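Here's the structure, in structure tokens; my notes come after.
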Amino acid sequence: MLIQTPDHTRIMTIERHILEEQRSHPEATGVLTSLLYDIALAGKVIASQTTRGGLAEILGQEGTVNVQGEDVMKLDVLADLMMSRLNYNTGRLAVLASEEQEDIIPIPPEYPMGKYVLLYDPLDGSSNIDYNVSIGTIFAIYRRKSGDGSPATLDDCLQIGRDLVASGYLIYGASTMLVYTSGMGVHGFTLDPAVGEFLLTHPDIRISEKPKYYSVNQGYEKYWSEGIRRFTKYLQGDEPDKAGNFRKGLSLRYIGSMVADFHRNLLAGGIFYYPSDSKEPKYPYGKLRLAYEGAPLAFITEQAGGTSSNGTTNLLDLEPTQLHQRTPMFIGNRDLVEKAEEFIREYD
Ligand code: FDP
């Protein structure tokens with residue numbers, strides 16, 4: 001009889017992985033582990049809906065009625081609801097805030113008050129929803145600053161990125177992935193739809209040292225400053241840096257879902273940027289939000305060996321003053337982000 005030798009390759013579910021990370025923190029109570037698991041669960045529910053995206057009951061404007069006569073809920077509203085519903089009454093959180101909602105989401109008094117703060121962008125890249133293009137969910141977890149027991153406040157949500165406890169994103173693409181860091185490296189899990197589990201497929205992600213891509217909405221070039229224009233030419237290999245050196249040109253990739261652009265550049269190496277521009281005078285600081293997009297992805301990038309900036313300052317060092325504060329954003333390989341800062345210093 002042929003005896004099969006056991007395959008010692010470990011299959012690591014996200015739950016086991018988080019628990020193993022927790023073991024290296026003897027003081028940990030397991031609450032963060034459970035919170036990350038709740039987010040993974042919300043991600044599974046959202047993924048199950050995004051894959052049905054072409055179906056009538058999901059697509060369409062909110063407020064319209066489907067063939068069964070039921071109200072249609074748009075996918076971004078549904079994702080927002082899933083993130084809040086699966087998290088607000090677990091006793092792990094003191095407050096939530098969503099990119100989709102103007103104010104903070106307090107924990108109702110009938111539920112236990114936790115010690116963490118969850119900020120999230122439920123469906124990033126929403127302009128791509130109707131076109132079967134990758135979209136995602138981004139999350140950021142802080143410890144509450146205010147005293148235990150009392151209701152948490154806006155101040156608990158306005159924390160500097162350096163104080164992040166964990167952050168990550170889910171990407172709903174050809175497959176669904178969850179990528180997160182709790183300050184011990186960046187780890188990526190792929191959802192096995194057959195068993196409904198996230199399995200570790202990308203342990204210890206490090207941003208590739210040989211960047212391949214730059215990602216920016218080049219359609220807005222006419223609204224850019226001179227520094228940004230020249231920096232982009234530099235990335236294309238057509239403009240020298242301050243020292244007179246040209247670089248090998250990079251390829252352009254822009255999906256228009258930040259999570260997807262970010263994810264590709266994290267694995268392949270590159271830079272994503274959304275600078276301030278003169279297109280929308282009401283958004284002089286660019287379009288993206290510091291709390292929901294900038295800080296959480298900056299933490300991931302730094303843990304993977306890259307860096308981020310608003311053009312002058314690391315995104316993790318910016319003090320937020322408003323929940324929905326916007327920021328210019330440059331994120332990816334360290335040398336490319338530093339070069340962006342150099343061009344901005346030189347020309348803007
Ligand atoms: P969207 O408006 O589709 O939700 O966060 C907003 C965001 O997408 C990012 O995901 C994306 O990178 C960017 O805006 C796209 O904006 P432009 O269409 O202006 O390029």
Side-chain angles (χ1 to χ4, degrees), residues 43 46 49-50 53 58-59 61-62 74-80 82-83 97-102 119-140 161 167-173 176-177 179 213-225 228-229 232 235 252-266 268 270-298 300-301 308-311 315 320 322-332 337 340:
I46 299 169
Q49 296 300 324
T50 57
I58 297 299
L59 281 186
Q61 294 301 305
E62 192 190 7
K74 271 185 87 185
L75 211 43
D76 43 4
V77 179
L78 187 126
D80 191 24
M82 284 307 128
M83 284 295 281
S98 161
E99 204 239 22
E100 289 289 325
Q101 300 190 35
E102 193 149 333
L119 282 77
Y120 61 89
D121 179 356
L123 217 51
D124 178 72
S126 45
S127 63
N128 279 324
I129 292 176
D130 290 354
Y131 309 108
N132 202 5
V133 174
S134 299
I135 43 184
T137 300
I138 309 173
F139 60 91
S167 73
Y169 59 88
L170 286 126
I171 177 165
Y172 314 111
T176 297
M177 280 191 73
V179 177
Y213 302 117
Y214 73 100
S215 305
V216 68
N217 190 336
Q218 205 136 1
Y220 299 154
E221 188 164 351
K222 57 181 174 296
Y223 306 112
W224 291 345
S225 64
I228 301 298
R229 247 180 255 147
T232 307
L235 295 177
L252 167 69
R253 292 280 189 284
Y254 189 73
I255 297 168
S257 292
M258 187 180 175
V259 166
D261 283 307
F262 175 84
H263 181 70
R264 188 199 43 246
N265 290 349
L266 182 69
I271 182 168
F272 170 94
Y273 52 112
Y274 202 115
S276 52
D277 59 40
S278 58
K279 180 169 167 277
E280 285 283 357
K282 65 177 188 274
Y283 303 141
Y285 304 111
K287 178 183 182 191
L288 304 178
R289 322 267 182 155
L290 177 59
Y292 306 105
E293 293 160 318
L297 296 185
I300 299 249
T301 305
S308 67
S309 174
N310 68 351
L315 293 178
Q322 289 168 17
L323 202 50
H324 294 279
Q325 187 170 326
R326 294 176 195 266
T327 179
M329 199 160 158
F330 301 82
I331 193 161
V337 173

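Whatever order the structure lists them in is the order used to number ligands and atoms, beginning at 1. Everything numeric in this text was worked out from a predicted model, so none of it was measured.
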For [atom], what is the nearest protein heavy atom, given as residue, atom name and distance?
{"atom": "atom 11 (C) of ligand 1", "answer": "Gly256 O, 3.1 Å"}
{"atom": "atom 18 (O) of ligand 1", "answer": "Tyr220 OH, 3.7 Å"}
{"atom": "atom 20 (O) of ligand 1", "answer": "Tyr254 OH, 2.5 Å"}
{"atom": "atom 10 (O) of ligand 1", "answer": "Met258 N, 2.8 Å"}
{"atom": "atom 7 (C) of ligand 1", "answer": "Lys287 NZ, 3.9 Å"}
{"atom": "atom 5 (O) of ligand 1", "answer": "Glu293 OE2, 2.3 Å"}

Got [X] and [Y] here, is their nearest side-chain heavy-atom distance under 4.5 Å?
{"X": "Glu293", "Y": "Tyr169", "value": "no"}
{"X": "Leu288", "Y": "Met258", "value": "yes"}
{"X": "Phe272", "Y": "Val216", "value": "no"}
{"X": "Pro275", "Y": "Phe330", "value": "yes"}

Which atoms of ligand 1 sit under 4.0 Å from any heavy atom of [X]?
{"X": "Tyr274", "answer": "16 (O), 17 (P), 19 (O), 20 (O)"}
{"X": "Phe272", "answer": "12 (O)"}
{"X": "Leu288", "answer": "5 (O), 6 (C)"}
{"X": "Ser127", "answer": "3 (O)"}

One residue to check: Asp261. Relative to ligand 1, which of side chain, backbone, both or neither has a non-hydrogen atom less than 4.0 Å away?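 Neither; nothing of Asp261 gets under 4.0 Å from ligand 1.
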Heavy-atom pairs closer than 4.0 Å: do any link ligand 1 to the side chain of Ser257, the backbone, both, or neither?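 Contact part for Ser257 vs ligand 1: backbone (N, CA, C, O).
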Pi-cation contact, Tyr213 with Arg264 (under 6.0 Å, within 45°):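 Yes, a cation-pi geometry.
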Judged by modelled atom types alone, do [X] and [Y] share a side-chain donor-acceptor pair under 3.5 Å?
{"X": "Tyr274", "Y": "Thr327", "result": "no"}
{"X": "Ser134", "Y": "Asn128", "result": "no"}
{"X": "Thr232", "Y": "Tyr273", "result": "yes"}

Any nitrogen or oxygen of [X], main chain or side chain, under 3.5 Å from a nitrogen or oxygen of ligand 1?
{"X": "Asp121", "result": "no"}
{"X": "Gly125", "result": "yes"}
{"X": "Glu99", "result": "no"}

So, does Asn128 sit close enough to ligand 1 that a heavy atom of it is under 4.0 Å from the ligand?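 The answer is no, since Asn128 has no heavy atom less than 4.0 Å from ligand 1.
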Going by an N to O cut-off under 4.0 Å, is there a salt bridge joining Glu221 and Arg229?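 Here Glu221 does not pair with Arg229 in a salt bridge, since their nearest N and O are not under 4.0 Å apart.
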Okay, side chain of Ser98, backbone of Glu100: is any donor-acceptor separation there less than 3.5 Å?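 Looks like yes, one N/O pair under 3.5 Å.
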